[in-house]
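Comments concern the structure below.
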Amino acid sequence: QVQLVESGGGSVQAGGSLRLSCEVSGYKASSYCMGWFRQVSGKKHEGVAAIDSDGTTIYADSVKGRFTISHDNARKSLYLEMSSLKPDDTAMYYCAAAPAEFRLWDEYVMVGSDFPYWGQGTQVTVSS
C-alpha cells in the first residue's frame, strides 16, 4: 500500500519561501509519477506541479517561475520548493501519486482522479 506523508508547511509572510517534503513508502516500481495539489476550504483541489520518472515536469500557470518540484529516488521523497509566496498560495497542500506507468505530457492538466494515492496534507498560510 502506497503511503505519503507531507511535512514542511507553516506560516510565512508574502514574498517568503517554504519547502514541502513528502515521504513515500510502498511505491515499489522504479518508475513513478507524483505531484502536489492544493485545496482551499470549500473549493476543488487544484493541481500545482507534477513530475515523472522520465524527468517531465508540469506546473500550474499560477506557480510557474516560483515553485519547483523535485524527486529524490534515494530518499524516496518528493519536494516542492516555493518562493515569492503570495496570500493566494494559502491552502492545504497534498502530495499525491499516480500509477507508476502514468506519464506526463506538456499539455496535461492535473486531475485528481489520475492520482489514486494521497497524503493527509500540510497547511501553508501566507500573510500579506
Side-chain angles (χ1 to χ4, degrees):
Q1 180 70 18
V2 177
Q3 293 188 325
L4 309 169
V5 179
E6 303 95 337
S7 62
S11 297
V12 66
Q13 289 192 326
S17 300
L18 281 175
R19 186 196 198 206
L20 304 184
S21 299
C22 175
E23 291 187 21
V24 184
S25 60
Y27 204 72
K28 300 186 183 300
S30 58
S31 60
Y32 61 85
C33 179
M34 302 187 67
W36 293 92
F37 288 81
R38 64 187 181 186
Q39 185 180 31
V40 175
S41 180
K43 296 188 176 181
K44 291 175 58 177
H45 284 101
E46 174 192 19
V48 176
I51 185 170
D52 67 23
S53 50
D54 289 343
T56 302
T57 57
I58 59 167
Y59 294 91
D61 287 343
S62 58
V63 306
K64 281 180 181 177
R66 300 188 298 121
F67 290 12
T68 302
I69 189 171
S70 61
H71 182 268
D72 186 327
N73 275 336
R75 299 189 176 189
K76 299 186 186 299
S77 294
L78 181 74
Y79 304 99
L80 185 68
E81 298 274 1
M82 306 185 295
S83 62
S84 301
L85 283 162
K86 306 174 181 180
D88 284 348
D89 295 317
T90 295
M92 184 71 79
Y93 283 71
Y94 296 90
C95 173
E101 66 274 13
F102 190 83
R103 288 297 172 267
L104 304 171
W105 60 98
D106 289 345
E107 296 78 25
Y108 173 70
V109 177
M110 294 176 68
V111 176
S113 57
D114 289 335
F115 294 76
Y117 309 107
W118 290 69
Q120 294 299 307
T122 184
Q123 178 68 36
V124 172
T125 302
V126 184
S127 58
S128 58

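FYI, side chains are in, hydrogens and waters are out, and symmetry mates aren't considered; it's all heavy atoms of this structure.
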query: Residues two or more places apart in sequence or in another chain: which of them pass salt bridge (Lys or Arg N to Asp or Glu O under 4.0 Å) with D52?
result: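 By the salt bridge (Lys or Arg N to Asp or Glu O under 4.0 Å) rule, D52 matches no residue at all.
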
message: Once salt bridge (Lys or Arg N to Asp or Glu O under 4.0 Å) is applied, do any residues pair with K43, and if so which ones, sequence neighbours excluded?
response: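 With neighbours one apart ignored, the set is empty.
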
Write out all pairs satisfying salt bridge (charged side-chain N to carboxylate O under 4.0 Å, His left out) with one or both partners inside [range], taking only residues at least two apart or from two chains.
range	answer
residues 117-128	none
residues 115-128	none
residues 9-21	R19-E81
residues 92-113	D54-R103

- prompt: Apart from V5 itself, what residues make up its hydrophobic cluster, given side-chain heavy atom links below 4.5 Å?
  reply: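 Answer for V5: none, a lone residue.
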
task: Output the rest of the hydrophobic cluster of L80: all Ile, Leu, Val, Met, Phe, Trp and Tyr residues reachable through side-chain heavy-atom contacts under 4.5 Å, sorted by chain and number.
output: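 L80 shares its hydrophobic cluster with V2, L4, V12, L18, L20, V24, Y27, Y32, M34, W36, V48, I51, Y59, V63, F67, I69, L78, M82, L85, Y93, Y117, V124, V126.
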
- request: Kindly write out the residues that satisfy ring-ring contact (aromatic ring centres under 6.0 Å, His included) with F102, not counting sequence neighbours, or none if the list is empty.
  value: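 Here the qualifying residues are Y108.
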
- prompt: Under the side chain to side chain contact (heavy atoms under 4.5 Å, CB included) criterion, do F115 and H45 qualify, and how do the steps go?
  reply: CA-CA 12 Å; F115 294 76; H45 284 101; over 6 Å; no

task: Tell me whether Y94 is reachable from I58 by hopping between hydrophobic residues (I, L, V, M, F, W, Y) whose side-chain heavy atoms are closer than 4.5 Å.
output: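 Same cluster: I58 reaches Y94 through Ile, Leu, Val, Met, Phe, Trp or Tyr contacts under 4.5 Å.
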
query: Do M110 and W105 belong together in a cluster built from hydrophobic side chains that touch within less than 4.5 Å?
result: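 Cluster IDs for M110 and W105 match.
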
Calculate, to the nearest 0.5 Å, the distance between atoms [atom1] and [atom2] belonging to [X] and [Y] respectively.
X	Y	atom1	atom2	answer
T57	H71	OG1	NE2	14.0 Å
M92	T125	CE	OG1	9.0 Å
Q39	Q123	CD	CD	10.5 Å
K86	S128	NZ	OG	13.5 Å

query: So, for S127 and P87, which heavy atoms are closest and what is the spacing to 0.1 Å?
result: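 Shortest heavy-atom separation between S127 and P87 comes out as C-CG, 4.5 Å.
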
field: Minimum-distance pair of heavy atoms, taken over all atoms of P116 and A98
entry: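 What the structure gives for the nearest pair is CD-CA, 3.9 Å.
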
Contacts of E23 that satisfy side-chain contact (heavy atoms from CB on, under 4.5 Å) - sequence neighbours left out: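 Residues passing side-chain contact (heavy atoms from CB on, under 4.5 Å) with E23: S77.
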
message: Under the rule for side-chain contact (heavy atoms from CB on, under 4.5 Å), what residues qualify as partners of S84, not counting sequence neighbours?
response: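 Counting only residues at least two positions away or on another chain, S84 forms a side-chain contact (heavy atoms from CB on, under 4.5 Å) with R66.
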
- prompt: Would you say the side-chain atoms of E6 pair up with the backbone N or O of G121, donor to acceptor, closer than 3.5 Å?
  reply: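 At least one qualifying donor-acceptor pair exists.
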
message: Main chain of S31, side chain of S53: is a donor-acceptor contact present, judged purely on distance under 3.5 Å?
response: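 Such a contact is absent between S53 side chain and S31 backbone.
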
message: Would R38 and D89 count as a side chain to side chain contact (heavy atoms under 4.5 Å, CB included) here? Give the steps.
response: CA-CA 9 Å; R38 64 187 181 186; D89 295 317; 2.9 Å; yes

query: Who pairs with C95 by disulfide bond (SG atoms under 2.5 Å apart), at least two apart in sequence or on another chain?
result: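 Applying disulfide bond (SG atoms under 2.5 Å apart) to C95 gives C22.
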
query: Any side-chain heavy atom of S21 sitting closer than 4.5 Å to one from R75?
result: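 No, side chains not in contact.
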
